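Report on one structure; see the data block that follows.
This one's a predicted model, so the numbers in the text were calculated from it and none came from an experiment. Every chain is numbered from 1 and lettered A, B, ... according to where its sequence line falls, protein lines coming before strand lines.
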Number of protein chains: 2
Amino acid sequence: MKTDIEISQEVDLLPIKNIAESVGLAEEHLELFGNYKAKLSFSAIKELEDRSEGKLILVTSINPTPAGEGKSTVTIGLGDALNKIGKKTVIALREPSLGPVMGIKGGATGGGYAQVLPMEDINLHFTGDMHAITTANNALSALLDNHIQQGNELNIDSRRVIWKRVVDLNDRELRQVVVGLGGAIQGVPREDGFDITVASEIMAILCLATDLENLKARLANIVVGYTFTLEPVTVSDLGVQGALALLLKEAIKPNLVQTIYGTAALVHGGPFANIAHGCNSILATKAALKLGDYVVTEAGFGADLGGEKFLDIKVPNLKKAPDAVVIVATIRALKMHGGVSKNELGKENISALVEGFSNLHKHVENMQSYGLPVVVAINQFISDSENEISTLKELCERINVPVELTSVWENGAEGGEELAKTVLQVIEEETANFRTIYQSGMNLEEKIEAIVTKIYGGNKVLFSKKAKNQLATFHKYGWDRLPICMAKTQYSLSDDPQQLGRPADFTITIRELVPKIGAGFIVALTGDVMTMPGLPKKPAALNMDIDSEGNAIGLF
Amino acid sequence: MKTDIEISQEVDLLPIKNIAESVGLAEEHLELFGNYKAKLSFSAIKELEDRSEGKLILVTSINPTPAGEGKSTVTIGLGDALNKIGKKTVIALREPSLGPVMGIKGGATGGGYAQVLPMEDINLHFTGDMHAITTANNALSALLDNHIQQGNELNIDSRRVIWKRVVDLNDRELRQVVVGLGGAIQGVPREDGFDITVASEIMAILCLATDLENLKARLANIVVGYTFTLEPVTVSDLGVQGALALLLKEAIKPNLVQTIYGTAALVHGGPFANIAHGCNSILATKAALKLGDYVVTEAGFGADLGGEKFLDIKVPNLKKAPDAVVIVATIRALKMHGGVSKNELGKENISALVEGFSNLHKHVENMQSYGLPVVVAINQFISDSENEISTLKELCERINVPVELTSVWENGAEGGEELAKTVLQVIEEETANFRTIYQSGMNLEEKIEAIVTKIYGGNKVLFSKKAKNQLATFHKYGWDRLPICMAKTQYSLSDDPQQLGRPADFTITIRELVPKIGAGFIVALTGDVMTMPGLPKKPAALNMDIDSEGNAIGLF
């Protein structure tokens with residue numbers, strides 16, 4: 001069996017200007033990065049403004065398991081399939097972070113015959129967006145600490161700085177640090193920490209900004225810490241929103257690439273869905289909607305995380321709700337939710353499948369509760385038995401949700417045709433009637449409770465003493481109006497990664513809130529979730545190399 | 001008077017493929033970044049191998065002062081002037097670091113009518129080389145700390161890790177930090193520090209590597225720390241040279257841009273000359289020598305730093321010595337070396353000029369001591385009086401060094417014609433007879449003494465207790481064969497930035513040695529020199545912005 005990188009290296013890519021042309025975008029609106037990658041210029045984005053918008057298909061999934069659910073692969077394959085049956089379709093994805101690429105995954109651009117290309121470039125530095133975000137984030141840290149060091153005119157309490165530094169790597173060693181050591185000329189000693197870049201508020205801002213002015217306004221609103229009299233200190237107080245916007249002026253432009261089948265794909269912005277809002281950029285999704293009659297996009301991790309945030313955070317900014325939601329599941333993953341261990345997945349196990357279906361069922365209910373039509377996509381594996389497949393179909397039929405098998409990993413566009421047809425039919429026949437799960441008028445506590453009880457299926461929220469104090473303070477600052485971005489394990493509907501399937505009667509503990517006023521939401525940290533991952537004992541990096549011609553080895 | 005950015009924005013740039021064509025490089029060998037920037041592909045570098053090499057002109061300067069000497073400007077203007085008088089010339093420069101761009105300088109791409117363009121892009125993220133180096137450096141840190149955390153098979157003493165993290169910013173707060181806090185699952189607590197990216201050994205390696213295999217071999221040789229039994233631990237012990245090389249596979253390709261006059265310029269690699277080896281990449285210089293009949297390149301800061309390192313570190317790797325050296329001086333800067341304060345520079349002051357000439361005189365002697373023909377370039381300012389100009393010319397004539405005025409800042413290529421003609425004449429008439437200032441057979445102590453006594457003009461080297469112990473240890477490890485990279489203030493020939501002119505009877509103190517075995521040199525830290533700069537009270541970032549079309553404001 002060929003690896004992803006072997007398949008990708010056999011593809012004759014089309015010049016990216018041809019891909020652009022195929023969706024009605026002239027070459028003059030591209031900023032080329034080699035022959036196969038481009039950014040859309042500001043002129044392109046302006047020119048698209050008056051075009052009408054296509055239909056939006058959101059791909060999400062059950063809670064992921066080590067068995068893999070293949071959400072990106074299905075997203076890409078569905079886009080290819082729609083194009084194959086004559087529907088002008090554009091794909092909108094997030095870009096990978098180097099952290100997991102070097103750590104566990106080795107790559108994040110789909111798989112098999114459903115990939116976005118050139119996968120080597122996209123998985124490594126791509127067009128530099130992540131690096132620009134890292135730099136802007138850390139430039140703000142340096143400017144903030146310099147302000148404190150050089151007289152501290154704003155009266156910032158260095159113990160109450162909440163702006164953290166970032167690296168786009170998995171580096172647990174940087175989670176908690178002390179900076180500014182070495183004496184008076186080396187800065188002010190204080191506690192600090194590094195997040196992974198994808199968790200940076202600047203990543204969220206880049207993904208939620210609607211244009212350059214909006215980008216700058218959001219940057220200006222970032223709260224970096226508090227004064228000795230507990231007033232919030234913003235980037236506009238420091239006067240550096242212009243410099244930060246300047247550092248992001250290229251990164252904010254959407255990136256255009258292609259799939260193996262030549263489908264146009266906008267790959268732009270990459271917040272994780274467990275510790276951030278998990279969706280690609282508004283500018284890219286918007287551009288995709290103007291370029292395609294259909295847009296297939298995905299949100300990170302399961303529907304409880306990326307799906308919920310897409311609908312409650314991104315949609316109000318995008319001002320366009322999905323016309324249909326596809327929930328990806330695999331029989332293997334559902335069996336794990338039903339209690340089967342990873343090395344037993346090859347064996348047929350109907351009862352575990354029935355048991356694990358509860359997880360899928362909950363996500364279907366959740367997405368339907370937003371007033372959206374739902375389709376289940378079963379990402380097929382060779383190990384799936386006929387019995388298992390018919391059981392799963394039957395389970396779906398019993399809850400009245402359309403279900404289709406896909407084999408895009410193995411068969412590419414052709415393997416997604418049935419799914420594509422069913423999605424089209426659902427869009428045609430059912431009318432989306434979108435509503436968010438909570439209203440902006442609710443206070444922060446009520447919003448968190450709405451997510452926990454309605455989406456996660458928990459029955460109670462506990463707030464730590466710290467979180468309770470923060471709720472009171474944030475109320476005073478007028479931040480109750482903002483939506484919530486939950487930081488929670490992706491593996492379970494609860495905040496305990498061990499609780500698979502559809503846990504019930506559980507409590508979610510909010511240990512801390514983090515205001516992201518520029519992004520426009522409040523992060524609620526649950527359980528042990530960490531905003532800086534670590535590397536495994538044998539990181540993927542150990543298998544990486546280049547040959548003497550400069551070709552990548554060990555990305556997959 | 002127009003600012004640099006205003007001048008640059010008025011220029012109609014040629015497509016970079018035309019620039020490439022003008023030096024005999026086909027479009028197929030370019031990897032485009034937009035219309036005006038490109039990287040040379042590996043195929044280009046291979047194809048150039050068999051071509052003959054042009055003449056190499058090294059531009060260096062007196063010790064810089066706050067009055068400014070304009071070395072990059074003269075380098076660019078000289079290249080433009082050589083082209084103007086019919087000599088096919090290519091320029092080879094370093095790329096700017098964001099640290100000083102955001103801090104003091106606002107930009108580093110020449111000035112006036114001698115600029116490399118597009119200056120906005122080159123000064124900001126350019127083609128991402130700095131970010132790739134930062135990432136590779138910090139990936140190594142993360143992999144190293146992960147190794148220690150996950151069992152420490154190599155028996156690494158966490159107190160003796162010498163590999164530091166980096167950011168491409170001026171951030172004094174990160175000079176000395178403690179990492180790994182927070183308990184057993186958050187890593188191993190230890191002291192650490194961040195350097196600026198341009199001081200990273202990976203930057204030096206990228207600049208000294210001759211091809212991909214050599215890059216990987218150098219990365220493998222990096223010493224990251226020591227075991228509990230004091231054996232050096234290398235990157236190859238960790239097994240991650242392949243991953244690091246993969247992260248650098250694009251960054252190692254030279255960048256092609258153009259000057260205002262359409263001269264081809266390779267801008268690649270950017271180590272500072274005070275804390276690193278201060279020269280652009282071997283691959284770029286090599287490519288320039290294949291593409292041009294003449295190559296004008298510069299080394300950072302004064303001839304005591306960048307000049308010395310170009311000749312003693314880079315030339316042995318490049319296997320080609322300069323055919324001529326141009327030393328840039330300004331009358332204003334020489335008057336400062338003669339004791340005039342910055343706000344008195346507008347007034348004629350012959351005696352200060354005569355006094356300050358001692359600095360230029362020493363650098364001329366130094367460069368001649370390498371067996372190289374030298375030309376002095378006076379970068380003219382409006383405030384220079386006729387008397388001062390004729391005095392300086394006379395002083396140069398008295399020591400038998402050719403001297404020319406240039407006005408490339410104001411007049412572009414035309415302003416450098418006389419200098420160009422003189423340089424050509426010197427190359428024609430004088431034969432370079434290159435020799436390094438020390439021999440590789442000398443031990444580290446002897447090499448440092450050679451630099452201090454012969455180049456700086458000091459009379460003694462003091463080694464701290466720490467440095468003395470290191471000399472003994474490094475001898476044992478077999479590192480005596482390596483050249484020295486001095487880390488010293490750029491402002492003085494001595495290690496005291498206050499000692500201008502030509503200080504005598506001074507001692508240089510070596511406080512610490514840092515082995516850079518992958519780069520292939522030993523850094524000797526003198527005085528108070530720091531490998532992480534700080535920001536000034538009012539950083540340049542405060543004046544930066546973008547307009548609503550995305551144009552940069554505040555880069556100059």
(message) Which one wins on heavy-atom pair count under 4.5 Å against chain A: R190(B), K253(B), Q149(B), E120(B)?
(response) Q149(B)
(message) Quick check on D528(B): does its CG atom have over 12 non-hydrogen neighbours (other residues, nucleotides or ligands) under 6.0 Å away?
(response) no
(message) Tell me which of these, N543(A), D171(A), D211(A), L215(A), has more heavy-atom pairs under 4.5 Å with chain B than the rest.
(response) D171(A)
(request) Could you please state which residues from residues 33-41 of chain B sit under 4.5 angstrom from chain A, measuring non-hydrogen atom to non-hydrogen atom, sorted by number, or 'none'? (result) F33(B), G34(B)
(request) Name the region of N170(B), side chain, backbone, both or neither, that has any atom closer than 4.5 Å to a heavy atom of chain A. (result) backbone
(message) Could you measure the distance from the CG atom of N138(A) to the CD atom of E173(B)? Nearest 0.5 Å is fine.
(response) 12.5 Å
(request) Give, as side chain, backbone, both or neither, the part of L98(A) having an atom under 4.5 angstrom from any heavy atom of chain B. (result) side chain
(message) To the nearest 0.5 Å, what is the distance between NZ on K538(A) and CG on N146(B)?
(response) 10.5 Å
(request) May I ask you to decide whether D145(A) forms a salt bridge with R172(B), counting only side-chain N to carboxylate O separations under 4.0 Å? (result) no
(message) Is L244(A) close to chain B through its backbone or its side chain, or both, or neither, when contacts mean heavy atoms under 4.5 Å?
(response) neither
(message) To the closest 0.5 Å, what do you measure between CD1 (I546(A)) and CG (L247(B))?
(response) 10.0 Å
(request) Sort L124(A) into side chain, backbone, both or neither according to what part of it lies under 4.5 angstrom from a heavy atom of chain B. (result) side chain
(request) Grab the two heavy atoms, one from A541(A) and one from A243(B), that are nearest each other, plus how far apart they are. (result) O-CB, 3.3 Å
(request) Can you tell which part of L30(B) gets under 4.5 Å to a heavy atom of chain A, answering side chain, backbone, both or neither? (result) neither
(request) Tell me, yes or no, whether the heavy-atom count around E27(A) atom CD, taken from other residues, nucleotides or ligands under 6.0 Å, exceeds 12. (result) no
(request) Supply the atom-to-atom distance T135(B) OG1 to H125(A) NE2, rounded to the nearest 0.5 angstrom. (result) 6.0 Å
(request) Look at G239(B), A552(B), G550(B) and state which one has the largest set of heavy-atom pairs under 4.5 Å with chain A. (result) G550(B)
(message) Which atoms of D168(A) are under 4.5 Å from chain B, going by heavy atoms: the side chain, the backbone, both sets, or neither?
(response) neither
(request) Measure D192(A) against the heavy atoms of chain B and call it side chain, backbone, both or neither at under 4.5 Å. (result) neither
(request) Quick one: closest heavy-atom pair of Q150(B) and P536(A), and the distance? (result) NE2-C, 3.4 Å
(request) Check whether E191(A) gets within reach of chain B through its side chain, its backbone, both or neither, counting any heavy atom under 4.5 Å. (result) neither
Below 3.5 Å, can you tabulate the donor-acceptor pairs from side chains in residues 175-183 of chain B to any protein atom, sequence neighbours excluded?
{"from": "R175(B)", "atom 1": "NE", "to": "M532(B)", "atom 2": "O", "distance (Å)": "2.7"}
{"from": "R175(B)", "atom 1": "NH1", "to": "I185(A)", "atom 2": "O", "distance (Å)": "3.3"}
{"from": "R175(B)", "atom 1": "NH1", "to": "Q186(A)", "atom 2": "OE1", "distance (Å)": "2.9"}
{"from": "R175(B)", "atom 1": "NH2", "to": "M532(B)", "atom 2": "O", "distance (Å)": "3.0"}

(request) Find the distance between OG (S141(B)) and CG (L174(A)) and round it off to the nearest 0.5 Å. (result) 8.0 Å
(message) Quick check on K537(A) against chain B: is it the side chain, the backbone, both or neither that has a heavy atom closer than 4.5 Å?
(response) both
(request) Between chain B and each of R165(A), M130(A), E213(A), count heavy-atom pairs under 4.5 Å; write down the option with the most. (result) R165(A)
(request) Could you check which of V188(B), I148(B), T134(B) has the highest count of heavy-atom pairs closer than 4.5 Å to chain A? (result) V188(B)
(request) Identify which of E549(B), E31(B), K249(B) forms the greatest number of heavy-atom pairs closer than 4.5 Å to chain A. (result) K249(B)
(message) Which atoms of M530(B) are under 4.5 Å from chain A, going by heavy atoms: the side chain, the backbone, both sets, or neither?
(response) side chain
(request) Side chain from CB out, backbone as N, CA, C, O: work out which of these in L143(B) comes under 4.5 Å of a heavy atom of chain A, or both, or neither. (result) both
(request) For chain B, find which of I252(A), I553(A), L212(A) contributes the most heavy-atom pairs closer than 4.5 angstrom. (result) L212(A)
(message) Please identify, among S43(B), G128(B), A132(B), the residue contributing the most non-hydrogen atom pairs under 4.5 Å to chain A.
(response) A132(B)
(message) So, taking the atom named CG in D121(A) and the one named CD in E250(B), what distance separates them when rounded to the nearest 0.5 Å?
(response) 6.0 Å
(message) Report which part of Q241(A) has an atom under 4.5 Å of a heavy atom belonging to chain B: side chain, backbone, both, or neither.
(response) neither
